[in-house]
Amino acid sequence: MNEFMNFDEISRETWQNLYKTSIAPLTNKELDGIRSLNDEISLQDVQDVYLPLVHLLRLYKKNLEDMSFSKGLFLQKIVKTPPLIIGISGSVAVGKSTTARLVQLLLSRAFKNLSVELVTTDGFLYSSDVLKERDLIERKGFPESYDMERLLDFLYRVKNGETCEIPIYSHEIYDILPDKMQEINNPDILIVEGINVLQNQQNQLLYVSDFYDFSIYVDADETLIEKWYLERFDSLLKLAQKDDTNFYHQFTKMPFDEVMKIARETWAKVNRVNLHDYIEPTRNRAEIILHKTDNHHIDKIYLKKF
Ligand SMILES: Nc1ncnc2c1ncn2[C@@H]1O[C@H](COP(=O)(O)OP(=O)(O)OP(=O)(O)O)[C@@H](O)[C@H]1O
Ligand SMILES: CC(C)(CO)[C@@H](O)C(=O)NCCC(=O)O
């Protein structure tokens, strides 16, 4: 069976004409504010790809509001519209966090009076101490390395309008921060980004995916993702050069070739295996797939038909 048979394949050229506007949504300076290491995201991408996407998200938001209103009529009571939850998934280093930050910024623009919050599921990884204790340190990112029950409970509480605190993962210390939490205060829209966003745990009464009103899978050829992973690794090394509290500092003392060999092995033995076995199999659960080519250029969009 063709994995994409339930999707319309839309070229960038077609997609960019679905929602045309002459109003520049952002300035270059604003875009700079959300760029991370090596980002080359451009105003042209915002105009061509992300504006139609935000327009589509408006429709899903309206749909959620209409449904809550109709449910209220049926139940003869006021039913508050729950927050819209958007999931963003894809491989390690494919550019999920960059996409998520951009969608957050554009949605805050589109809905000026609404709060739009962003979390990453990295915060639900077990701490390194727990991973070591369970002999899972080599399995970071695999389903068993996350506290999925805690993630599920968090999503439930957000949908229920509660204020929550969640742990924060730091790439710099390569662990959960011991003494800092992120507060999520009853947002109107929540973006949840992470490799496991579309994964469901077995034997659960509730599924994580039940909580998403819209989901995005960021996709690219595996050889490109490996290249982006290695480039990011190199950038992280440069950042860690003068900071001995940084996890990557240890590598700055080693010959460069040796370090890049470690990075290639980590990709091959950990992140690539995870992509094949657990991440890519969730791709066709997404509502939309953003397909990237060289230089993170989005060339195709797949939108679920039904
Ligand atoms: N649109 C883009 N244009 C150029 N570079 C990008 C773009 N998106 C991401 N990148 C680069 O690709 C690398 C991976 O991006 P990012 O950190 O967003 O990935 P991620 O999927 O969130 O990874 P992880 O799961 O490891 O947190 C980074 O070096 C980033 O700068
Ligand atoms: C934190 C995750 C799992 C996901 O963001 C990933 O970036 C990671 O650390 N993977 C483990 C292997 C590695 O160091 O790349």
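In each ligand, atom 1 is the first atom listed, and ligand 1 is the first ligand listed.
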**Q** Can you tell if the side chain of Thr98 reaches within under 4.5 Å of the side chain of Val218, non-hydrogen atoms only?
**A**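 Counting from C-beta outward, Thr98 and Val218 never come under 4.5 Å.
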**Q** Do Trp15 and Lys300 have side chains that get closer than 4.5 Å, going by heavy atoms?
**A**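 Result no, sub-4.5 Å side-chain heavy-atom pair not found.
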**Q** At under 4.0 Å between heavy atoms, is it the side chain or the backbone of Glu231 that contacts ligand 1, or both, or neither?
**A**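 The answer is neither; Glu231 stays 4.0 Å or more away.
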**Q** Could you go through the side chain to side chain donor-acceptor pair (under 3.5 Å) check for Asn200 and Ser209 one step at a time?
**A** CA-CA 7 Å; Asn200 278 320; Ser209 56; 3.1 Å; yes
**Q** Does Asn271 reach the side chain of Leu275, with side-chain heavy atoms less than 4.5 Å apart?
**A**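 With C-beta onward as the side chain, the pair stays apart.
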**Q** Taking ring pair (Phe, Tyr, Trp, His ring centres under 6.0 Å) as the definition, give me every residue that meets it alongside Tyr229, ordered by chain and number, with sequence neighbours left out.
**A**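 Per chain and number, Tyr229 pairs via ring pair (Phe, Tyr, Trp, His ring centres under 6.0 Å) with Trp267.
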**Q** State which residues pass side-chain hydrogen bond (donor to acceptor under 3.5 Å, both in side chains) with Asn160; sequence neighbours excluded, sorted by chain then number.
**A**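 Checked Asn160 against side-chain hydrogen bond (donor to acceptor under 3.5 Å, both in side chains); matches are Glu162.
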**Q** Using a 4.0 Å cutoff against the non-hydrogen atoms of Lys292, which atoms of ligand 1 qualify?
**A**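 Near Lys292, meaning under 4.0 Å from one of its heavy atoms, ligand 1 has 8 (N).
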**Q** Between ligand 1 and Ala93, can you find any atom pair, the residue atom being a heavy atom, that is separated by under 4.0 Å?
**A**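 Yes.
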**Q** Judging by distance only, is a nitrogen or oxygen of Gly95 under 3.5 angstrom from one on ligand 1?
**A**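 The answer is yes, given that Gly95 and ligand 1 share an N or O pair closer than 3.5 Å.
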**Q** Does Ser235 have a heavy atom less than 4.0 Å from any atom of ligand 1?
**A**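 Per 4.0 Å heavy-atom rule, Ser235 does not contact ligand 1.
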**Q** Is the closest N or O pair between His296 and ligand 1 shorter than 3.5 Å?
**A**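 Right, the criterion is met.
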**Q** Would Ser97 count as being in polar contact with ligand 1, using the rule that some N or O on each side must be under 3.5 angstrom apart?
**A**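 Yes, at least one N or O pair falls under 3.5 Å.
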**Q** Given His171, Lys96, His297, which has its nearest heavy atom closest to atom 20 (P) of ligand 1?
**A**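 Going through His171, Lys96, His297 one by one, Lys96 has the nearest heavy atom to atom 20 (P) of ligand 1.
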**Q** Asp277: which residues meet the salt bridge (charged side-chain N to carboxylate O under 4.0 Å, His left out) condition with it, sequence neighbours left out?
**A**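 Not a single residue meets the salt bridge (charged side-chain N to carboxylate O under 4.0 Å, His left out) criterion with Asp277.
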**Q** Quick one: which ligand 1 atoms are inside 4.0 Å of a heavy atom on Val92?
**A**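 That gives atoms 25 (O), 26 (O) of ligand 1.
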**Q** Short N or O contacts of ligand 2 with protein, under 3.5 Å, listed by atom name?
**A**
from, atom 1, to, atom 2, distance (Å)
ligand 2, 5 (O), Asp122, OD1, 3.2
ligand 2, 5 (O), Asp122, OD2, 3.2
ligand 2, 10 (N), Asn271, OD1, 3.3
ligand 2, 14 (O), Tyr174, OH, 2.5
ligand 2, 15 (O), Tyr229, OH, 2.6
ligand 2, 15 (O), Asn271, ND2, 2.9

**Q** May I ask you to check if ligand 1 and Asn295 share an N or O to N or O distance below 3.5 Å?
**A**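 No: no nitrogen or oxygen of Asn295 is under 3.5 Å from one in ligand 1.
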**Q** Can you find a pair of side-chain heavy atoms, one from Leu155 and one from Arg150, that are under 4.5 Å apart?
**A**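 Result no, sub-4.5 Å side-chain heavy-atom pair not found.
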**Q** Relative to each other, are the rings of Phe251 and Phe247 parallel, tilted or perpendicular (30° and 60° limits)?
**A**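 Taking Phe247 first and then Phe251, their aromatic rings stand perpendicular (interplane angle over 60°).
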**Q** Would you mind listing which atoms of ligand 1 come within a distance below 4.0 Å of any non-hydrogen atom of Ser91?
**A**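 Those atoms are 21 (O).
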**Q** Please tell me if the side chains of Ile137 and Ser128 come closer than 4.5 Å, counting only heavy atoms from C-beta onward.
**A**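 Yes, close enough: below the 4.5 Å cut-off.
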**Q** Are the ring centres of Tyr217 and Tyr302 closer than 6.0 Å?
**A**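 That pair fails the under 6.0 Å test.
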